[in-house]
**Student:** 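Here it is, the structure in full.
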There are 2 protein chains.
Amino acid sequence: MSKRKVSIEDIARRAGVSHSTVSRALRDNPLISPKVREEIKQLAREMSYVPNAIAQSLLSSRTNTIGVVVTSIADPFFAEVVEGIEQVATSSGLSVVLSTSHRDLKQEIAAIDNFHRRRVDGILVADSRISKQHTKQLTQIAVPTILINSQAEDQSEIFHSVAIDDRLGARLAVEHLVSLGHTSIGYLGVGDRSRSNQQRLEGYRIALAEAGLPQIDDWVAINDQDKTRTSDVSTGRKMLSKLLTAGVTGIFCYNDMVAVGALLACQELGISVPRDLSLVGFDGIALSRYVTPPLTTICQPMLEMGSFAMQMLLDLVQDKTVENRVLSPFLVQRGSSAVFRNNHK
Amino acid sequence: MSKRKVSIEDIARRAGVSHSTVSRALRDNPLISPKVREEIKQLAREMSYVPNAIAQSLLSSRTNTIGVVVTSIADPFFAEVVEGIEQVATSSGLSVVLSTSHRDLKQEIAAIDNFHRRRVDGILVADSRISKQHTKQLTQIAVPTILINSQAEDQSEIFHSVAIDDRLGARLAVEHLVSLGHTSIGYLGVGDRSRSNQQRLEGYRIALAEAGLPQIDDWVAINDQDKTRTSDVSTGRKMLSKLLTAGVTGIFCYNDMVAVGALLACQELGISVPRDLSLVGFDGIALSRYVTPPLTTICQPMLEMGSFAMQMLLDLVQDKTVENRVLSPFLVQRGSSAVFRNNHK
DNA sequence: ATGAAAGCGCTAACAT
DNA sequence: ATGTTAGCGCTTTCAT
């Protein structure tokens with residue numbers, strides 16, 4: 001329970017050698033005779049010496065640490081991404097410092113700034129809100145940085161990135177509903193200014209157009225309480241009826257949480273999914289398998305996105321050149337979507 | 001995009017003063033005349049100076065960092081706890097380094113060791129497996145450490161702790177089922193050697209005894225594939241039928257994930273919950289509200305456990321005395337439990 | 001009000 | 001094979 005930590009010099013004093021000899025012995029420098037090397041190592045153990053990584057970092061200017069910014073750690077999507085990050089970070093001997101942005105640019109920048117001060121070796125930002133105008137101040141200090149699913153309207157080309165193809169995902173979702181015979185297909189989105197919502201809406205529109213289906217304004221429901229950003233579940237729950245009265249028989253939801261909210265609303269209204277209404281989600285979080293019926297959804301390879309981004313960052317740290325990557329989502333068909341039949345006589 | 005970082009000395013050179021003057025100016029030391037102070041600050045801004053926290057730490061021997069060990073970040077329970085930790089850490093200017101143990105003592109110790117080397121100011125360990133025998137090596141280096149829901153059979157008294165009252169929770173669950181008229185009540189547990197499983201089983205037994213109900217061995221199902229620790233959901237799904245054939249009408253599940261697995265199995269078997277069978281979970285994760293029927297469950301205040309533990313750690317870091325805390329879980333009644341009626345004629 | 005110098009714990013180039 | 005010295009970037013006496 002020694003309060004003061006033991007240093008390399010303490011060991012040197014006890015061993016009657018210089019502190020550099022201790023340093024060498026501990027690092028298996030071949031110059032040190034095997035005998036004293038073992039003696040010193042033994043002594044270090046007895047004195048329960050713990051090397052000071054701070055001092056090492058100051059010298060090497062490497063902290064073996066990467067910073068990760070997510071909007072919330074309790075969000076199952078990011079939790080999964082972070083899991084992927086953590087796996088490859090750990091296996092490469094890197095520690096992960098976690099910060100949350102809560103979808104707020106100010107907090108995001110503060111987090112990144114903090115990482116810069118701490119001299120992390122690299123930074124990963126999920127759902128970044130950083131656009132071109134902010135990049136200047138942030139790139140002054142050259143820390144390898146990768147954006148995962150950047151949400152900025154005008155994303156800077158300065159940072160590297162890995163992202164999901166939102167438009168493709170949306171098209172897969174809508175094409176799936178079309179293939180089931182649905183012709184009145186709605187989009188249930190979220191009202192933050194996120195790029196992914198825009199892109200999914202676009203993909204939805206493109207798919208409708210390609211299928212020769214009409215585009216009705218009332219078939220698109222977006223929760224526009226920008227500020228109080230309610231939970232995705234309650235967004236889905238509240239907005240469902242709007243689409244229902246517009247007469248859709250199939251709905252593509254912004255994500256699984258929104259779909260779950262819609263599902264809940266259906267249960268309250270006595271609407272049977274998928275008999276009366278087909279629902280398609282996005283993300284493929286674990287939860288989507290456990291609701292009743294299980295959600296048909298567009299899966300993002302969350303774990304892979306994390307591990308891939310981390311691998312990219314590793315390359316970047318080693319001055320390798322890396323290429324930005326757009327990953328393709330894929331449809332997983334489950335119980336919430338079914339062939340359209342006109343139940344309403 | 002300057003590769004080399006600018007230091008306090010660079011600023012000093014440009015300002016024609018000594019580096020200590022710069023240091024003082026930047027830290028608003030009143031000795032520096034307001035005029036030069038502003039000049040230096042302005043210069044620092046222009047040169048986009050970012051203070052080196054590593055150098056500061058070496059000097060102050062404070063890293064403003066705490067280490068957190070969880071079994072998995074993708075587990076909704078720990079995600080919520082970490083969220084609570086992160087909230088109070090951030091508001092106190094502390095960064096959080098995250099590590100995972102995967103319920104493995106070796107990995108847990110490695111993570112803690114790593115934290116020691118990095119000289120974190122404090123450590124939080126969730127689901128710790130550390131027992132008395134390991135404490136010696138770990139307490140040599142005096143870093144304030146708090147265990148959250150320690151799972152060790154013989155928990156060391158050396159560390160501080162915050163934990164949920166598992167036995168109480170189990171009793172609440174069983175008493176709830178008893179109050180609904182159930183007399184054949186099972187326990188569906190997990191087969192790792194965790195303390196919480198033991199305690200919940202104990203609580204279950206105590207509650208049965210107090211209710212004057214018999215204890216039947218076949219009413220307790222525990223997945224004993226210790227090694228390949230399958231997911232909790234599949235544990236619940238696989239073990240349900242065993243309890244069903246034993247004739248129980250109500251089941252207390254180790255946690256919500258196990259309950260979800262049981263629920264899934266019921267759907268496959270055409271058993272109606274809660275009409276044919278009542279299910280009670282544990283934890284109160286978000287998911288428990290979204291399955292059909294929503295789970296009656298014993299809630300742990302996950303967010304609070306995290307923020308409370310972090311608050312405790314903060315006190316510990318400031319040499320205040322803290323008291324270990326056992327939190328009380330509470331019953332939340334939802335759709336998965338109902339009054340017993342003999343449906344089977 | 002400012003500069004010079006010491007030192008946090010470590011590694012490595014430079015002696016010997 | 002081992003010791004001496006310098007220095008990583010910063011804060012903080014101690015002089016002036």
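Chain A is the first sequence line, chain B the second, and so forth, proteins listed ahead of strands; every chain is numbered from 1.
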**Student:** With sugar-phosphate meaning primed atoms plus P, OP1 and OP2, does B:Ile32 contact a base, only sugar-phosphate, or nothing at under 4.0 Å between heavy atoms?
**Tutor:**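 If one applies the 4.0 Å heavy-atom cut-off, B:Ile32 turns out to touch the sugar-phosphate alone, with no base involved.
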
**Student:** Could you give the CG-to-P distance, from B:Asp28 to D:dT12, as a whole number of Å?
**Tutor:**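 Computing the B:Asp28:CG to D:dT12:P distance gives 13 Å.
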
**Student:** Nearest to the side chain of A:Ser20, which nucleotide is it out of C:dG3, D:dT4, C:dT2?
**Tutor:**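 So the nucleotide nearest the side chain must be D:dT4.
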
**Student:** Once you round it to whole Å, what is the distance between P of D:dT13 and CZ of B:Arg24?
**Tutor:**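 Going from B:Arg24 (CZ) to D:dT13 (P), I get 10 Å.
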
**Student:** Rounded off to whole Å, could you give me the CG-to-C1' distance for the B:Asn29 and C:dA1 pair?
**Tutor:**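 Checked: the CG to C1' distance equals 10 Å.
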
**Student:** Looking across every strand, which nucleic acid part, if any, lies under 4.0 Å from B:Ser7 by heavy atom: base, sugar-phosphate, or nothing?
**Tutor:**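 Counting heavy atoms under 4.0 Å across all strands, the contact made by B:Ser7 is with sugar-phosphate only.
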
**Student:** Would you say the side-chain atoms of B:Asn324 pair up with the backbone N or O of B:Val162, donor to acceptor, closer than 3.5 Å?
**Tutor:**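 Side chain of B:Asn324 to backbone of B:Val162, a donor-acceptor pair under 3.5 Å: no, none is there.
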
**Student:** Salt bridge or not for B:Asp121 and B:Arg62, using N-O below 4.0 Å?
**Tutor:**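 Judged by the 4.0 Å cut-off on N to carboxylate O distance, B:Asp121 and B:Arg62 do form a salt bridge.
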
**Student:** So what does A:Ser23 touch, heavy atoms closer than 4.0 Å: a base, only the sugar-phosphate, or nothing?
**Tutor:**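 It contacts base atoms.
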
**Student:** Mind checking if B:Arg27 touches a base, just sugar-phosphate, or nothing, with heavy atoms under 4.0 Å?
**Tutor:**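 Contact class for B:Arg27: sugar-phosphate only.
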
**Student:** Check whether any side-chain heavy atom of A:Arg119 sits under 4.5 Å from a side-chain heavy atom of A:Thr65, and report yes or no.
**Tutor:**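 They are not in side-chain contact.
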
**Student:** Atom CG of A:Leu26 and atom P of C:dG9: how far apart are they, to the nearest Å?
**Tutor:**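 Rounding to the nearest Å, CG of A:Leu26 and P of C:dG9 are 15 Å apart.
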
**Student:** Distance check needed: C:dC10 P versus B:Leu58 CG, whole Å only.
**Tutor:**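 The distance from CG of B:Leu58 to P of C:dC10 comes to 9 Å, rounded to the nearest Å.
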
**Student:** Nearest whole angstrom, please: distance from the P of C:dA15 to the CG of A:Leu31.
**Tutor:**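 For the pair A:Leu31 CG and C:dA15 P, the rounded distance is 16 Å.
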
**Student:** Hey, does the side chain of A:Ser92 reach the backbone of A:Val88 with a donor-acceptor pair shorter than 3.5 angstrom?
**Tutor:**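 Here the side-chain-to-backbone pair exists.
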
**Student:** Mark yes or no for a side-chain to base donor-acceptor pair under 3.5 Å between B:His19 and D:dT11, with no hydrogen or angle criteria applied.
**Tutor:**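 Check passes, donor-acceptor contact within cut-off.
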
**Student:** For B:Ile40 and C:dA1, what is the distance between atoms CD1 and P respectively, to the nearest whole Å?
**Tutor:**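 Rounding to the nearest Å, CD1 of B:Ile40 and P of C:dA1 are 14 Å apart.
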
**Student:** Determine whether a donor-acceptor pair (N or O, by modelled atom type, separation under 3.5 Å) exists between the side chain of A:Asp315 and the backbone of A:Lys320.
**Tutor:**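 Not confirmed, A:Asp315 side chain does not pair with A:Lys320 backbone.
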
**Student:** Mind calculating the distance between CE (B:Met47) and P (D:dG9) to the nearest angstrom?
**Tutor:**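 Atom CE in B:Met47 sits about 13 Å away from atom P in D:dG9.
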
**Student:** Select from B:Leu59 and B:Gly16 the residue whose nearest nucleotide in DNA chain C is closer to the 5' end of that strand.
**Tutor:**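 Result of the comparison: B:Gly16.
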
